[in-house]
Amino acid sequence: MLFDIRTIVGALLGCYGVILVITGLVHDTAEEEAKTGGVDVNIWAGVGMIAVALAFLTWVLLRPVKPAEPPRAEDKPAPPE
């Protein structure tokens with residue numbers, strides 16, 4: 001599960017989302033809000049990334065990758081005599 005690509009993508013999106021939310025809360029955004037029509041884009045983009053990250057991690061938990069089953073002895077052809 002650790003090296004599943006969904007886990008890696010979910011973790012990266014979650015980290016970037018948290019960074020954007022923190023940046024939106026801490027940074028003085030008066031100038032940026034004037035450019036975006038009064039919306040704090042960092043917070044909303046961060047919340048969206050966190051939501052997608054949670055969707056990816058939920059997907060990993062609900063549908064884990066299962067290893068292929070080895071062939072059974074009765075499925076193998078009999079050796080020629």
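Please read these numbers as outputs of a predicted model, since none were measured by experiment. We count residues from 1, following the sequence as given. Computed over heavy atoms, backbone and side chain alike; hydrogens, waters and symmetry mates excluded.
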Handout entry: Linked, directly or transitively: Trp59 and Val52 (ILVMFWY side chains, under 4.5 Å)
Key = yes
Practice task
Would you kindly confirm whether Ile8 and Leu62 end up in one hydrophobic cluster when ILVMFWY residues are joined by side chain heavy atoms under 4.5 Å apart?
Solution key: no
Practice task
Among Ile, Leu, Val, Met, Phe, Trp and Tyr joined by side-chain contacts under 4.5 Å, find the other residues sharing a cluster with Val26 and list them by chain and number.
Solution key: Val18, Val21, Ile22, Leu25, Ile43, Val47, Ile50, Leu54
Problem - Side chain to side chain, His27 and Asn42, heavy atoms closer than 4.5 Å - result: no
Handout entry: Nearest-0.5 Å distance, CZ of residue Arg63 to CG of residue Asp4
Key = 12.0 Å
Practice task
Determine, using the 4.5 Å side-chain heavy-atom cutoff (strictly less than), whether Val41 and Leu13 are members of one ILVMFWY cluster.
Solution key: no
Exercise for the section: Identify the two heavy atoms, one from Ala53 and one from Gly10, that lie closest to each other, and give their separation to 0.1 Å. Expected result: CB-O, 3.1 Å
